Novice: 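The structure under discussion is supplied below as structure tokens; questions concerning it will follow.
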Protein chains: 2
Amino acid sequence: MIDSTTSASSATKKAVTCANCNLDNLCIPKGLSRSEVGELALLVNRNNIRQKGEAIYHAGSPFRGIIALRSGSAKLLSFDSNGNELVVDFILPGELLGFDGVSSQIHNCTAIALETVNYCHLPAYKIEILAVNTPGLTQVLMQRSCDQFDAQVQKMMLSRRSAEERVACFILHISDRLSMRGYSELEFRLSMSREEIGNYLGIAHETVSRIIHLFQARKLIEVKSKQLKITDKKGLINFYAN
Amino acid sequence: MIDSTTSASSATKKAVTCANCNLDNLCIPKGLSRSEVGELALLVNRNNIRQKGEAIYHAGSPFRGIIALRSGSAKLLSFDSNGNELVVDFILPGELLGFDGVSSQIHNCTAIALETVNYCHLPAYKIEILAVNTPGLTQVLMQRSCDQFDAQVQKMMLSRRSAEERVACFILHISDRLSMRGYSELEFRLSMSREEIGNYLGIAHETVSRIIHLFQARKLIEVKSKQLKITDKKGLINFYAN
DNA sequence: CGGCCAGTTGAGGGCGTTCAATTAGGGTGG
DNA sequence: CCACCCTAATTGAACGCCCTCAACTGGCCG
């Protein structure tokens, strides 16, 4: 019904579709009825792959639709008038991207894979088709786009805090987002470089290094290259919440 | 057809409705067909008034719908865990607000009038009704909410720049937004305090004062209390674009 | 006229940047 | 499998921007 297999059962193993995707509580389908999800599944392009460093879309290219990361992570970049990169956001598995192209129908950000990614793609023209038959979708998309707004407010909060507080908050934020989709909340891999973290947080990459070192000295975390382990979550929280 | 007057003409003077509102190129109706605007007009609550300092909505209150400022300006506030105010945005006449409540259906920001404001209100439950009959509305709202995303990216850019660049950019940005809706782009009133500007830009209010003074000394602007006149726009632009 | 708050102006100190040097890590070819 | 290279990450030292604290001025309103 939906995939290369002939079975129409939603329990089919090999055919990954919206109905049996393990991201269904995080992705667009959350909040949709079963029949609406079915309709959505018909229109989604699945199994798009990009290798590390490759672009998912470029700033200046036409908006083609909303994208859901199934695995791997990515960074969202903008560029200032001098061509300097600004890391706008990191996108983790199960999260959506593409909203930077909705308003003007031209992307003003570039999305780059930080590691091999597999993503689903809901084409723009199909969104309109869907909107007619599935009123729920409109609201879900609206919610997701406004999620971004909430996230940006949080980000503004950070810009008012010290470098140490920013890094603590960054680590905890990544932890929360990963645990929400079933990964370990205390031990994970930071797929982005110190440079990219610093760019994102608005501090120099040397400062990121120094602070990570400091956190280790205080027994809050353990770091080995990109692998990170939170050993004192409360300590980290107290660090920026006081 | 739409208001208390009997005339159906869009040239009617006293009855302000979406069809003859001077904001129609900026507000929600932009991009909608004539009949869609008519339908919208039926559902909008007009002529809501708030005095300076009064709240349009509070953080924590349920989302009631999207609001369009017809006149006056407002500030959008968030609060950190210590209760400190963070100025998230300023809203000028013709601009929309309320998106901070869409995602969770609870506002996470507070909107306060900076001077007497008159606004229109599109109730949330009517948005759903409209979405069925006027597919264009969905897209327009989606666009507007994603506009906010674009704006936040611009804001992040600013946080990477010096205090002087931030103030220059702030002045030019307000100028642009005002000129877009027919006000003078070179001479206008800053309805917000130095404190609020500083809070918004992430710098101390003393720094705002100093920089405004500096810009005057360099003949870029003329300031008298809250009244501001741009005397060398190119100079201001060069100031942050180089 | 007095009080109050917004705005201005000055001085000093701190946090994070910048510049520079060194070490570690990851990928490639011999 | 190791030598090599190149980039990422770390660490150190000094400067500078902006914050903080403090005093003063100006405008508005009772």
Side-chain angles (χ1 to χ4, degrees), chain A residues 51-54 75 80 82 84-87 90 112-116 158-171 189-218 221-228 239-240 242, chain B residues 51-53 75 80 82 84-87 112 114-115 158-171 189-218 221-228 239-240 242:
Chain A
Q51 300 302 326
K52 176 175 179 173
E54 291 180 352
K75 61 176 175 180
D80 69 13
N82 301 325
N84 299 317
E85 253 182 50
L86 175 78
V87 176
F90 295 112
I112 306 271
L114 288 173
E115 53 200 332
T116 304
L158 261 196
S159 71
R160 217 52 51 89
R161 313 189 86 110
S162 73
E164 292 178 1
E165 290 169 325
R166 294 186 205 192
V167 175
C169 196
F170 172 76
I171 293 171
R189 209 183 91 88
L190 293 173
S191 53
M192 65 296 287
S193 70
R194 302 284 189 269
E195 177 96 44
E196 287 161 340
I197 295 174
N199 187 319
Y200 175 70
L201 293 177
I203 57 184
H205 69 276
E206 295 96 329
T207 307
V208 176
S209 261
R210 273 183 260 269
I211 291 171
I212 286 180
H213 184 79
L214 177 78
F215 285 175
Q216 264 185 300
R218 296 194 185 180
I221 59 176
E222 284 174 19
V223 181
K224 186 163 175 59
S225 182
K226 290 191 181 308
Q227 202 66 26
L228 190 146
F239 209 94
Y240 78 89
N242 69 5
Chain B
Q51 300 301 327
K52 177 176 179 172
K75 62 176 174 179
D80 68 15
N82 301 324
N84 298 318
E85 252 182 52
L86 174 77
V87 177
I112 306 272
L114 289 172
E115 54 199 331
L158 261 196
S159 72
R160 218 52 50 90
R161 314 191 85 110
S162 74
E164 293 177 0
E165 290 169 324
R166 293 186 205 193
V167 174
C169 196
F170 173 75
I171 293 172
R189 209 182 91 88
L190 293 173
S191 53
M192 65 296 287
S193 70
R194 302 285 190 268
E195 177 95 44
E196 287 160 340
I197 295 174
N199 186 317
Y200 175 71
L201 294 177
I203 56 183
H205 69 276
E206 295 97 326
T207 306
V208 176
S209 262
R210 274 184 258 270
I211 290 170
I212 286 181
H213 183 78
L214 177 78
F215 285 176
Q216 264 186 301
R218 296 195 186 179
I221 59 175
E222 284 174 18
V223 181
K224 187 165 173 61
S225 181
K226 291 191 180 307
Q227 202 65 28
L228 190 146
F239 209 93
Y240 78 90
N242 69 6

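Predicted model, so just to flag it, every value in this text is computed and none were measured. Proteins get letters first, then strands, A, B, ... in listed order; numbering begins at 1 in each.
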Novice: Between A/Ala204 and A/Ser225, which has a closest nucleotide on DNA chain C that is more 5'?
Specialist: A/Ala204
Novice: Starting at atom CZ of B/Arg194, determine the distance to atom P of D/dT25, rounded to an integer number of angstrom.
Specialist: 19 Å
Novice: Whole angstrom is fine here: how far is it from CG in B/Leu190 over to P in C/dA6?
Specialist: 16 Å
Novice: Give the rounded distance in Å between these two atoms: NE2 of A/His205 and C1' of C/dT18.
Specialist: 10 Å
Novice: Between A/Arg160 (side chain only) and B/Asn199 (backbone N and O only), is there a donor and an acceptor less than 3.5 Å apart?
Specialist: yes
Novice: Without decimals, in angstroms, what is the distance between B/Ile211 CD1 and C/dT8 C1'?
Specialist: 14 Å
Novice: So how far off straight is the helix from C/dC1-D/dG30 to C/dG30-D/dC1, going by the axes through five pairs at either end, to 10°?
Specialist: 40°
Novice: Tell me which of A/Glu164 and A/Glu206 sits closer to the 5' end of DNA chain C, going by the nucleotide each one is nearest to.
Specialist: A/Glu164
Novice: Are the side chain of A/Glu196 and the backbone of A/Val87 linked by a donor-acceptor contact shorter than 3.5 Å?
Specialist: no
Novice: Could you state the atom-to-atom distance from CD of A/Gln227 to P of D/dA9 in whole Å?
Specialist: 14 Å
Novice: What is the distance from CE of A/Met192 to P of D/dA8, rounded to the nearest Å?
Specialist: 15 Å
Novice: Is any side-chain N or O of B/Arg160 under 3.5 Å from a base N or O of C/dT17, one able to act as donor and the other as acceptor?
Specialist: no
Novice: Within the 4.0 Å heavy-atom criterion, would you say A/Gly198 contacts the bases, only the backbone, or no part of the nucleic acid?
Specialist: nothing
Novice: Answer yes when A/Glu85 and A/Lys75 have at least one side-chain N-carboxylate O distance shorter than 4.0 Å, and no when they do not.
Specialist: yes
Novice: So does B/Asn82 get a backbone contact from the side chain of B/Asp80, meaning a donor-acceptor N/O pair under 3.5 Å?
Specialist: yes
Novice: State whether the distance check finds a donor on one side and an acceptor on the other, under 3.5 Å, for side chain B/Arg210 versus base C/dG10.
Specialist: yes
Novice: Choosing from D/dA9, C/dT17, C/dG16, which nucleotide comes nearest the side chain of A/Thr207?
Specialist: C/dT17
Novice: Roughly how far, to the nearest 0.5 Å, is the CZ atom of B/Arg210 from the NE2 atom of B/His205?
Specialist: 9.0 Å
Novice: Within the pair A/Lys226 and D/dA9, is there a side-chain N or O less than 4.0 Å away from OP1 or OP2?
Specialist: yes
Novice: Rounded to whole angstroms, how far apart are CG on B/Leu158 and C1' on D/dC18?
Specialist: 16 Å
Novice: Once you round to the nearest 0.5 Å, how far does CD1 of A/Ile211 lie from CZ of A/Arg194?
Specialist: 12.0 Å
Novice: Give the rounded distance in Å between these two atoms: CG of A/Asn199 and C1' of C/dT17.
Specialist: 15 Å
Novice: Got A/Ile171 and A/Phe215 here, is their nearest side-chain heavy-atom distance under 4.5 Å?
Specialist: yes
Novice: Counting heavy atoms from C-beta on, name the nucleotide in D/dA9, D/dC18, C/dA20 closest to the side chain of B/Ser162.
Specialist: D/dC18
Novice: Just call it for A/His213: base, sugar-phosphate, or nothing, with non-hydrogen atoms closer than 4.0 Å on any strand.
Specialist: sugar-phosphate
